[in-house]
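What follows is one structure encoded as structure tokens, with my remarks underneath.
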Amino acid sequence: MTRRKEPLRTIEPGKVRMYVCGVTPYDSAHIGHGMSLTSFDVIRRYLEHRGYEVRHIQNFTDIDDKIINRANAENIDPDALTEKFIAEWLEQTRALNALPASHYPRATEEVGPIIEMVQGLVDRGHAYAVDGDVYFRVRSFPGYGKLSHRDLEDLLAGARIEVDERKEDPLDFALWKAAKPGEPSWESPWGPGRPGWHIECSAMSSSYLDGQVDIHGGGADLIFPHHENEIAQSEAYLGVEPFARYWVHNGLVRVGADKMSKSLGNFVRLKEIVDRGLGPAFRLMVLQSHYRAPLTYTEEGLLAAERGLSRLRAAADPSAAAIAIEDGESSPASDLAALADESQRRFHEAMDDDFNAPEALAVLFDLGRAINRARGAGQAPESIEAARVTLVDLAGVLGLDLQEVSDAPFADAAPFIDLLLRVREELRERREWALSDLIRDELGKLEVAVEDTPAGATWSQRRG
RNA sequence: GGCGCCAUAGCCAAGUGGUAAGGCACGGGUCUGCAAAACCCUGAUCGGCGGUUCGAAUCCGCCUGGCGCCUCCA
């Protein structure tokens, strides 16, 4: 609201009520949704890490024009359509290692409270009904525009859509829409109809978070009109101000110089990334830029993140052996332990400052390097363990699982690859390097990277 | 037209008054049969101009370029 960072003071000490605008399940989610999901997941994880109890609500707006149109186009029931995409969303939530929300209310299951709220607004003079529609009377709410910092006259001047003549004022927006023939509808005091776009979030945040929320989140593209309208509805209805204490908006994903969006048709589906097993890399890519800033998406950037991730994974690998090198200047183990504490501190400092994940990640990369250096200097695994555990734990706070084994795509081929490597070991003992290198090179072309270590050859998947 | 944001090394990207994090890529080196991984070394004065200040990437003004919102959108 103030467009500034502010210290977090919650309604109830130690507890955070967080509401994040979810998706309208009429199509597959794209990476913009993935970014939002990841950003707020990290915020939630960090708050929990800091000891807060977080009630996290994410809604599904499972009834609106787009859903109806799409369902008609595919000649299926709207419910069938939304079920499908809700299931897909939950699946991708898992694939991106985002914690599930505490509740996932759906607009269609909250029609009662929505009607109640609309009625309340009518009763209070903030809304009026016309031909089965109900509109919010924007001019009745003095604070309108305070989030997006617009004033009413500017909005009028910039209006680009045709004005519905039945509205008292062009700025008024629909709380309830009368049903057209064939559309899903619910009975209401104004006749059969369905909720307008913004009201579901107001109703759901009220009923699941006791009226007022601490953190209300969503993409930056929701600031206006969605969140502005939510504020108007909720504050006018509840008589509580502010309805949300902290508004948190993630930056939008860009493809090249442009924003990625459905309307521009330049979107990348989350599925395409998840199906390739690059979910974790996507998370790292998102975290490498601040949540408020726009994220430039490129395939190259995704693969770069995948490589960065393997670097962290390697440092976190408990089975990585120290490679003894006769180096007099190996630092004592206590230095590494001290560095682990220092990393802990820097990590918290970064995240305490408006969830600066890029900074926090830099700390992890630094710690990883120190661990590798210690191994290179031949330090005993026991003396490295504390730092290693710190690395794994802190990465976990960001939702990065460094110990995850991601050879799944090659699971079926594993026995054969192992066999090839055994043969190759034999060849290497006989110094038949041409042939052993051929095996390594050919496997490499199949994205199987072979590495010879003092403990024997290992392999792993490597992309790009 | 209104509101607002951004411009940092080849790419991505932190840093909002005290002298430029991190990742990826490139080059050199150590290690290796050769590689890979890992480690070491190497690179930017922060779009331009002017101002404030002992001191600015960081504050102010102007300019240039790009983007977003004002209409469905995470």
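This one's a predicted model, so the numbers in the text were calculated from it and none came from an experiment. Throughout, protein chains are lettered first and strands after them, A, B, ... in sequence-line order, and every chain is numbered starting at 1. We use all heavy atoms of the structure for the numbers below, so side chains are in, but hydrogens, waters and symmetry mates are not.
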Of the listed nucleotides [options], the one nearest the side chain of [X]:
X         : options                : result
Arg428(A) : A74(B), G15(B), C34(B) : C34(B)
Arg440(A) : A25(B), A35(B), C39(B) : A35(B)
Cys21(A)  : A74(B), G2(B), A14(B)  : A74(B)
Arg373(A) : C39(B), A14(B), C70(B) : C39(B)
Asp437(A) : G23(B), A14(B), C34(B) : C34(B)
Asn250(A) : A74(B), C34(B), A21(B) : A74(B)
Arg311(A) : G2(B), A74(B), C24(B)  : C24(B)
Glu451(A) : C3(B), C39(B), A36(B)  : A36(B)
Phe365(A) : A74(B), C12(B), G23(B) : G23(B)
Val23(A)  : A14(B), A21(B), A74(B) : A74(B)

Ion pair present between [X] and [Y], side-chain N to carboxylate O less than 4.0 angstrom?
X         : Y         : answer
Glu153(A) : Arg139(A) : yes
Asp41(A)  : Arg45(A)  : yes
Asp317(A) : Arg375(A) : no

[atom1]-based separation of [M] from [N] [nearest Å]:
N      : M      : atom1 : result
A74(B) : C69(B) : C1'   : 14 Å
G22(B) : C59(B) : C1'   : 27 Å
A9(B)  : A20(B) : C1'   : 11 Å
C40(B) : G48(B) : P     : 33 Å
C24(B) : C70(B) : C1'   : 38 Å
A37(B) : G23(B) : P     : 15 Å
G28(B) : G43(B) : P     : 16 Å
C3(B)  : G18(B) : P     : 32 Å

[X] side chain near [N] phosphate (N/O to OP1/OP2, under 4.0 Å):
X         : N      : value
Asn372(A) : A37(B) : no
Arg307(A) : A37(B) : no
Lys259(A) : A74(B) : no
Arg150(A) : G2(B)  : no

Let me know the distance between CG of Leu171(A) and P of C69(B), rounded to the nearest Å.
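So the two atoms are 19 Å apart, to the nearest Å.
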With ring centroids as reference points, do His227(A) and His249(A) lie under 6.0 angstrom apart?
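Distance test on ring centres: under 6.0 Å, yes.
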At 4.0 Å (heavy atoms only), tell me whether [X] reaches a base, stays on the sugar-phosphate, or touches nothing.
X         : answer
Asp441(A) : nothing
Gly301(A) : nothing
His30(A)  : base
Asp452(A) : base
Leu252(A) : base
Val450(A) : base
Thr296(A) : sugar-phosphate
Gly32(A)  : base
Ala304(A) : sugar-phosphate
Val253(A) : base
Ala305(A) : nothing

RNA chain B: Gly308(A) or Thr453(A), which has the more 5' nearest nucleotide?
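Looking at the nearest nucleotide for each, Gly308(A) comes out on the 5' side.
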Start at the 5' end of RNA chain B and walk down; is the nucleotide closest to Tyr291(A) or to Gly22(A) reached first?
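In this pair, the answer is Tyr291(A).
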Does the side-chain ring of Trp433(A) sit on the six-membered ring of the G33(B) base, less than 5.5 Å centre to centre and under 30° in tilt?
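Yes; by the centre-distance and plane-angle rule, Trp433(A) counts as stacking on G33(B).
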So does Arg375(A) reach the base of C39(B) with its side chain, donor to acceptor, closer than 3.5 Å?
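There is none.
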On a plain distance test, is the side chain of Arg254(A) in donor-acceptor contact with the base of G68(B) below 3.5 Å?
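Side chain to base: no pair below 3.5 Å.
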Before giving the answer on salt bridge (Lys or Arg N to Asp or Glu O under 4.0 Å), spell out for Glu200(A) and Arg194(A) the whole-Å C-alpha distance, their side-chain angles and the decisive distance to 0.1 Å.
CA-CA 10 Å; Glu200(A) 83 285 10; Arg194(A) 58 189 165 89; over 6 Å; no
Short side-chain donor-acceptor distance under 3.5 Å, Thr108(A) and Arg106(A):
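Side chains of Arg106(A) and Thr108(A): no pair found under 3.5 Å.
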Might you work through the side chain to side chain contact (heavy atoms under 4.5 Å, CB included) test for Asn356(A) and Met351(A), ending with a clear yes or no?
CA-CA 5 Å; Asn356(A) 193 332; Met351(A) 291 299 283; 5.7 Å; no
C34(B) pairs with, by Watson-Crick or G-U criteria that keep both distances under 3.5 Å
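Looking at the geometry, C34(B) pairs with no nucleotide.
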So does Tyr26(A) get a backbone contact from the side chain of Arg70(A), meaning a donor-acceptor N/O pair under 3.5 Å?
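Yes; judged by distance alone, with no hydrogens or angles, the pair exists.
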